Peer 1: 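Provided herewith is a single structure, encoded as C-alpha coordinates, for subsequent inquiry.
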Amino acid sequence: MLIQISIIGTLLMGIITSYEDIKTGKISNIWITMSIIAGILLNVFIGYGNLNYITTFIINCIIALAVGLIIWLGGFWTAGDAKLFFAYSTLIPL
(Lines give C-alpha, C1' and ligand atoms only; values in the text may rest on other atoms or scores of the structure.)
Protein backbone atom coordinates (compact mmCIF):
# COMPACT_ATOMS: atom_id res chain seq x y z
CA MET A 1 0.00 0.00 0.00
CA LEU A 2 2.84 2.39 0.82
CA ILE A 3 4.41 1.80 -2.58
CA GLN A 4 1.18 2.84 -4.31
CA ILE A 5 0.98 5.95 -2.11
CA SER A 6 4.57 6.78 -3.04
CA ILE A 7 3.87 6.44 -6.76
CA ILE A 8 0.70 8.55 -6.48
CA GLY A 9 2.68 11.16 -4.52
CA THR A 10 5.32 11.23 -7.22
CA LEU A 11 2.70 11.77 -9.93
CA LEU A 12 0.97 14.46 -7.88
CA MET A 13 4.22 16.34 -7.23
CA GLY A 14 5.07 16.00 -10.92
CA ILE A 15 1.80 17.60 -11.95
CA ILE A 16 2.08 20.40 -9.37
CA THR A 17 5.71 21.25 -10.07
CA SER A 18 5.26 21.02 -13.85
CA TYR A 19 2.29 23.39 -13.72
CA GLU A 20 4.16 25.84 -11.49
CA ASP A 21 7.29 25.66 -13.65
CA ILE A 22 5.33 26.29 -16.84
CA LYS A 23 3.29 29.11 -15.30
CA THR A 24 6.02 30.98 -13.38
CA GLY A 25 9.28 29.53 -14.67
CA LYS A 26 10.27 28.53 -11.13
CA ILE A 27 9.66 25.64 -8.75
CA SER A 28 8.99 26.62 -5.14
CA ASN A 29 11.30 25.12 -2.55
CA ILE A 30 8.26 24.19 -0.45
CA TRP A 31 7.29 21.51 -3.00
CA ILE A 32 10.85 20.22 -3.11
CA THR A 33 11.06 20.09 0.69
CA MET A 34 7.68 18.40 1.04
CA SER A 35 8.65 15.82 -1.58
CA ILE A 36 11.96 15.01 0.08
CA ILE A 37 10.41 14.66 3.54
CA ALA A 38 7.52 12.54 2.23
CA GLY A 39 9.88 10.36 0.19
CA ILE A 40 12.23 9.73 3.08
CA LEU A 41 9.37 8.92 5.48
CA LEU A 42 7.63 6.60 3.01
CA ASN A 43 10.81 4.71 2.18
CA VAL A 44 11.70 4.35 5.85
CA PHE A 45 8.24 2.89 6.49
CA ILE A 46 8.51 0.62 3.44
CA GLY A 47 11.92 -0.66 4.53
CA TYR A 48 11.24 -0.69 8.28
CA GLY A 49 13.29 -3.47 9.82
CA ASN A 50 15.17 -4.16 6.59
CA LEU A 51 18.62 -2.65 7.00
CA ASN A 52 19.61 -3.61 3.45
CA TYR A 53 16.67 -1.63 1.99
CA ILE A 54 17.46 1.45 4.10
CA THR A 55 21.16 1.28 3.22
CA THR A 56 20.39 0.93 -0.48
CA PHE A 57 17.91 3.82 -0.27
CA ILE A 58 20.53 6.07 1.36
CA ILE A 59 23.12 5.13 -1.27
CA ASN A 60 20.56 5.81 -4.01
CA CYS A 61 19.83 9.26 -2.53
CA ILE A 62 23.52 10.14 -2.27
CA ILE A 63 24.15 9.08 -5.87
CA ALA A 64 21.10 11.02 -7.13
CA LEU A 65 22.21 14.12 -5.23
CA ALA A 66 25.75 13.83 -6.62
CA VAL A 67 24.53 13.30 -10.20
CA GLY A 68 22.13 16.25 -9.95
CA LEU A 69 24.91 18.43 -8.56
CA ILE A 70 27.35 17.41 -11.28
CA ILE A 71 24.81 18.06 -14.05
CA TRP A 72 23.97 21.46 -12.51
CA LEU A 73 27.66 22.39 -12.16
CA GLY A 74 28.17 21.33 -15.78
CA GLY A 75 25.58 23.91 -16.79
CA PHE A 76 23.13 21.42 -18.29
CA TRP A 77 20.39 21.99 -15.68
CA THR A 78 19.21 24.77 -13.46
CA ALA A 79 19.47 24.36 -9.69
CA GLY A 80 15.70 23.81 -9.46
CA ASP A 81 15.87 20.88 -11.85
CA ALA A 82 18.70 19.30 -9.87
CA LYS A 83 16.76 19.68 -6.62
CA LEU A 84 13.64 18.26 -8.23
CA PHE A 85 15.61 15.27 -9.54
CA PHE A 86 16.80 14.55 -6.00
CA ALA A 87 13.28 14.96 -4.61
CA TYR A 88 11.87 12.51 -7.18
CA SER A 89 14.62 10.03 -6.41
CA THR A 90 13.50 9.98 -2.77
CA LEU A 91 9.83 9.59 -3.70
CA ILE A 92 10.23 6.59 -5.98
CA PRO A 93 10.53 3.33 -4.04
CA LEU A 94 13.48 1.07 -4.80
Side-chain angles (χ1 to χ4, degrees):
M1 181 68 162
L2 289 175
I3 292 174
Q4 287 85 1
I5 292 171
S6 180
I7 292 170
I8 291 169
T10 304
L11 290 173
L12 183 63
M13 285 300 159
I15 292 168
I16 292 169
T17 54
S18 295
Y19 175 76
E20 185 177 7
D21 192 22
I22 291 169
K23 186 174 180 181
T24 66
K26 295 180 183 179
I27 301 170
S28 299
N29 283 335
I30 189 70
W31 297 117
I32 305 281
T33 305
M34 285 175 34
S35 298
I36 291 170
I37 291 170
I40 289 172
L41 289 175
L42 280 169
N43 275 291
V44 166
F45 285 128
I46 290 170
Y48 182 75
N50 185 351
L51 186 60
N52 187 38
Y53 184 92
I54 301 297
T55 305
T56 307
F57 173 70
I58 292 170
I59 291 169
N60 183 53
C61 288
I62 291 170
I63 291 171
L65 187 62
V67 168
L69 181 66
I70 289 168
I71 294 173
W72 171 65
L73 289 174
F76 297 105
W77 271 353
T78 63
D81 293 330
K83 292 186 291 187
L84 192 61
F85 174 72
F86 174 66
Y88 285 158
S89 72
T90 62
L91 277 172
I92 298 173
L94 300 175

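Note that the structure is a prediction, hence the values are computed from the model and not measured.
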Peer 1: Just jot down the side chain to side chain contact (heavy atoms under 4.5 Å, CB included) partners of I30, sequence neighbours excluded, or say none.
Peer 2: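 Scan of I30 (side chain to side chain contact (heavy atoms under 4.5 Å, CB included), adjacent residues dropped) gives S28, M34.
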Peer 1: Could you report the tightest heavy-atom contact between A82 and G68, atom names first, then the distance?
Peer 2: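 So the two residues come closest at CB-O, 3.4 Å.
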Peer 1: Sequence neighbours left out, what passes side chain to side chain contact (heavy atoms under 4.5 Å, CB included) with I63? Give chain and number order.
Peer 2: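 I63: side chain to side chain contact (heavy atoms under 4.5 Å, CB included) contacts with I59, V67.
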Peer 1: By the side-chain hydrogen bond (donor to acceptor under 3.5 Å, both in side chains) test, which pairs, at least two apart or in different chains, include something from residues 48-68?
Peer 2: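 Every pair satisfying side-chain hydrogen bond (donor to acceptor under 3.5 Å, both in side chains) with a residue in residues 48-68: N43-Y53.
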Peer 1: Side-chain heavy atoms under 4.5 angstrom apart, residues restricted to Ile, Leu, Val, Met, Phe, Trp, Tyr: same cluster for I27 and I36?
Peer 2: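 Yes, same cluster.
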Peer 1: I'd like to check the side chain to side chain contact (heavy atoms under 4.5 Å, CB included) partners of I70; sequence neighbours left out, ordered by chain and number.
Peer 2: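 Partners of I70 by the side chain to side chain contact (heavy atoms under 4.5 Å, CB included) criterion come out as none, since no residue qualifies.
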Peer 1: Once ring-ring contact (aromatic ring centres under 6.0 Å, His included) is applied, do any residues pair with W31, and if so which ones, sequence neighbours excluded?
Peer 2: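 Here no residue qualifies.
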Peer 1: Which value, rounded to the nearest 0.5 Å, describes the distance between T90 atom OG1 and I58 atom CD1?
Peer 2: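 One gets 12.5 Å once the value is rounded to the nearest 0.5 Å.
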Peer 1: Taking a hydrophobic cluster as the set of Ile, Leu, Val, Met, Phe, Trp and Tyr residues connected by side-chain heavy atoms closer than 4.5 Å, whether directly or through intermediates, do I32 and F85 fall within one such cluster?
Peer 2: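 No, no single cluster joins them.
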Peer 1: Report yes or no: do I7 and I92 belong to one cluster of Ile/Leu/Val/Met/Phe/Trp/Tyr joined by side chain heavy-atom distances under 4.5 Å?
Peer 2: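 Different clusters: I7 never reaches I92 through Ile, Leu, Val, Met, Phe, Trp or Tyr contacts under 4.5 Å.
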Peer 1: Give the intermediate values and the outcome of side chain to side chain contact (heavy atoms under 4.5 Å, CB included) for residues I5 and I8.
Peer 2: CA-CA 5 Å; I5 292 171; I8 291 169; 5.8 Å; no
Peer 1: What donor-acceptor contacts under 3.5 angstrom involve side-chain atoms of residues 9-17, with partners at least two apart or in another chain?
Peer 2:
| residue | atom | partner | partner atom | Å |
| --- | --- | --- | --- | --- |
| T10 | OG1 | S6 | O | 2.8 |
| T17 | OG1 | M13 | O | 2.6 |
| T17 | OG1 | G14 | O | 3.4 |
| T17 | OG1 | Y88 | OH | 2.9 |

Peer 1: Measure the CZ-CG distance between F86 and L65 for me, rounded to the nearest 0.5 Å.
Peer 2: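 F86 atom CZ to L65 atom CG measures 5.0 Å (nearest 0.5 Å).
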Peer 1: If the condition is ring-ring contact (aromatic ring centres under 6.0 Å, His included), which residues does F57 pass it with, not counting sequence neighbours?
Peer 2: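 Testing F57 for ring-ring contact (aromatic ring centres under 6.0 Å, His included), a comparison that skips the adjacent residues, returns none.
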Peer 1: Could you list who else is in L69's hydrophobic cluster, with ILVMFWY side chains joined at under 4.5 Å, directly or through other members?
Peer 2: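 W72, L73, which link up through side-chain heavy atoms under 4.5 Å apart, make up the rest of the cluster.
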Peer 1: Return the set of residues passing side chain to side chain contact (heavy atoms under 4.5 Å, CB included) with I37 (not counting sequence neighbours), or none when no residue passes.
Peer 2: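 By the side chain to side chain contact (heavy atoms under 4.5 Å, CB included) rule, I37 matches T33, L41.
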Peer 1: Please check if any side-chain donor atom of D21 sits under 3.5 Å from a side-chain acceptor atom of S18, or the reverse.
Peer 2: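 No - no donor-acceptor pair under 3.5 Å links their side chains.
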